[in-house]
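Nothing here was measured: the structure is a model prediction, and the numbers come from that model.
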Amino acid sequence: MSCTHEVCDVDGGISSWSSWTPCSKTCGDAGDSVKSRRRYCNDPPVQGNGKPCTEETVEEVSCNVPECPEQGEWSSWTPWSDCSITCGVGEIARTRKCDNPPPSSPDPELDCPGSQIQLKTCEAPQECEECDEGLQVYECLKCPLTCTDVQLGVECMEEECVTGCGCPDDKLLQDGECVDIEECRCLIIEDEPEETGEEGPAGAGGEEPAEGGGEGGPNGPTLWELVKKGRQELVKKDQLELVKKGQ
C-alpha cells in the first residue's frame with residue numbers, strides 16, 4: 001500500500017545506548033556514586049498511530065569509587081607546662097595532636113588547621129639579678145620573643161603585659177644569642193617519641209646546645225625541654241619562607 005496524502009503508521013524503534021555519563025561522585029560510600037546512559041525511541045520515531053517503544057530508555061549503575069579523604073581533628077590541649085626558667089620571664093607551653101581522628105591520608109590539605117603548640121610568657125617566682133648578655137629589659141614583652149615562637153604550627157600568645165629581658169632590634173633569641181629571623185632554624189614538630197628512659201636530644205636535630213642552655217640562655221630550655229613532647233629536625237634554610245606563626 002502506498003501512502004501519499006496521509007501519515008503512515010510507523011512503530012517506534014529503540015536507538016543504541018549512549019555513552020556512560022561520568023560518575024556522579026568521585027569518592028564516597030558504596031552506592032553514593034552512580035553513572036547512567038540513555039537510549040531513545042527514534043530509530044525510527046513513532047509516526048501516525050504507530051506503537052511506542054516498550055524497552056527501558058535509562059540505565060543506571062553504581063560506580064566503584066574510593067572512600068572520601070577525611071580531614072584530621074585535634075585532640076584536647078595538654079595542661080600548660082611549668083615555667084621554662086627559674087628567674088625572670090620565660091615561657092609556658094601546651095600541645096595537642098592531630099589524631100582525633102588523624103587525617104585519612106598524608107595529604108597536607110587534610111592536616112588539622114591551626115597551631116599544634118601554644119606558647120605564652122610566664123613570670124618565675126623570683127627576678128633575675130640582671131639580663132643575660134645581649135638582652136635588655138622591656139616593660140612589656142611582645143611576641144615573638146624566640147625563634148621557637150615563629151615556627152610553623154606554633155602560636156605565640158599575648159594575654160598580659162609582662163616585664164622582662166628580650167632581644168633588641170626585632171631580633172629573636174636562639175641558643176642564648178639574639179639573631180635575625182633569617183638565622184632561625186626551621187623546625188618540624190613530629191609525633192611524640194616513645195619513652196626510652198633517656199633524656200631527649202639536647203638541641204634541634206640532636207645537636208649539642210650552645211653554652212648556657214637552649215633558647216632562654218643560662219635559664220632557658222630547648223624546644224624539646226620546653227614542651228616535653230615532639231621531635232625536631234633541621235630543614236633547609238631555603239624553606240624559611242614557610243616559617244610563620246601558626247594560623
**Request:** Could you go through the side chain to side chain contact (heavy atoms under 4.5 Å, CB included) check for L173 and L135 one step at a time?
**Result:** CA-CA 9 Å; L173 199 59; L135 305 182; 3.8 Å; yes
**Item:** D132 vs C165, side chain to side chain contact (heavy atoms under 4.5 Å, CB included): CA-CA, chis, key distance, verdict
**Value:** CA-CA 8 Å; D132 295 333; C165 301; over 6 Å; no
**Request:** Evaluate the criterion side chain to side chain contact (heavy atoms under 4.5 Å, CB included) for residue pair T146 and L172; output intermediate values, then yes/no.
**Result:** CA-CA 5 Å; T146 71; L172 301 174; 5.7 Å; no
**Chi angles and distances behind the side chain to side chain donor-acceptor pair (under 3.5 Å) call for E70, S104** = CA-CA 5 Å; E70 295 185 3; S104 60; over 6 Å; no
**Request:** Take R37 and T21 through the side chain to side chain contact (heavy atoms under 4.5 Å, CB included) test and state the conclusion after the steps.
**Result:** CA-CA 6 Å; R37 62 180 182 175; T21 63; over 6 Å; no
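Formation of a donor-acceptor pair under 3.5 Å by the Q136 side chain with backbone atoms of P168 is not found in this model. Under a 3.5 Å cut-off, the side chain of Q151 and the backbone N or O of R185 do form a donor-acceptor pair. Checked by atom type and distance alone, the side chain of D107 pairs as donor or acceptor with a backbone atom of E109 at under 3.5 Å. Between the side chain of W74 and the backbone N or O of P113 there is at least one donor-acceptor pair closer than 3.5 Å. Not a single donor-acceptor pair under 3.5 Å links the side chain of D149 to the backbone N or O of P144. A donor-acceptor pair under 3.5 Å is formed between the side chain of E183 and the backbone N or O of D180. At distances below 3.5 Å, not a single donor-acceptor pair connects side-chain atoms of Y40 with backbone N or O atoms of W17. At least one donor-acceptor pair closer than 3.5 Å links the side chain of S81 to the backbone N or O of A93.
Minimum interatomic distance between S105 and L110 (heavy atoms only, all atoms of both residues): OG-CD1, 3.2 Å. Contact record, G28 with C68: N-SG, 3.3 Å, taken as the closest heavy-atom pair. Residues P44 and D11 share a closest heavy-atom pair of CG-O, 3.7 Å. Taking each heavy atom of Q174 and C184 in turn, the nearest pair found is OE1-CA, 3.5 Å. Of all heavy-atom pairs between D43 and I14, the closest is CB-O, 4.0 Å. Of all the heavy atoms in C147 and V179, the pair that sits closest is SG-CG2, 3.8 Å.
E133 CD: 12 or fewer foreign heavy atoms inside a 6.0 Å radius. At most 12 heavy atoms of other shown residues, nucleotides or ligands fall within 6.0 angstrom of atom CD in E67. Counting heavy-atom neighbours within 6.0 Å of N64 CG, excluding the residue itself, gives a total of 12 or less. Crowding of E55 atom CD: a count of heavy atoms from other residues, nucleotides or ligands under 6.0 Å exceeding 12.
Rounded to the nearest 0.5 Å, atoms CG (D99) and SG (C112) are 8.0 Å apart. The distance from the CD atom of Q116 to the CZ atom of R94 is 13.5 Å, given to the nearest 0.5 Å. Taking OG of S62 as the reference point, atom CG of D29 lies at 12.0 Å (rounded to 0.5 Å). Once rounded to the nearest 0.5 Å, the distance linking NZ of K120 with CG of L145 reads 14.0 Å. Here the CG-CD distance, from L141 to E139, works out to 10.5 Å after rounding to the nearest 0.5 Å. Expressed to the nearest 0.5 Å, how far CD of Q118 lies from CZ of R96 amounts to 6.5 Å.
The shortest side-chain heavy-atom distance between V137 and T163 falls under the 4.5 Å cut-off. Taking the side chain as every heavy atom from C-beta outward, V162 and C140 never approach each other to under 4.5 Å. Using a 4.5 Å heavy-atom threshold, the side chains of I117 and V154 count as touching. Between P103 and P69 there is no side-chain heavy-atom pair separated by less than 4.5 Å.
Scored by the side chain to side chain donor-acceptor pair (under 3.5 Å) test, R38 finds no partners at all (sequence neighbours excluded).
A continuous path of hydrophobic side-chain contacts links I92 to M157 [ILVMFWY only; heavy atoms under 4.5 Å].
For the 3.5 Å distance criterion, the side chains of S36 and E60 fail to qualify, holding no donor opposite an acceptor.
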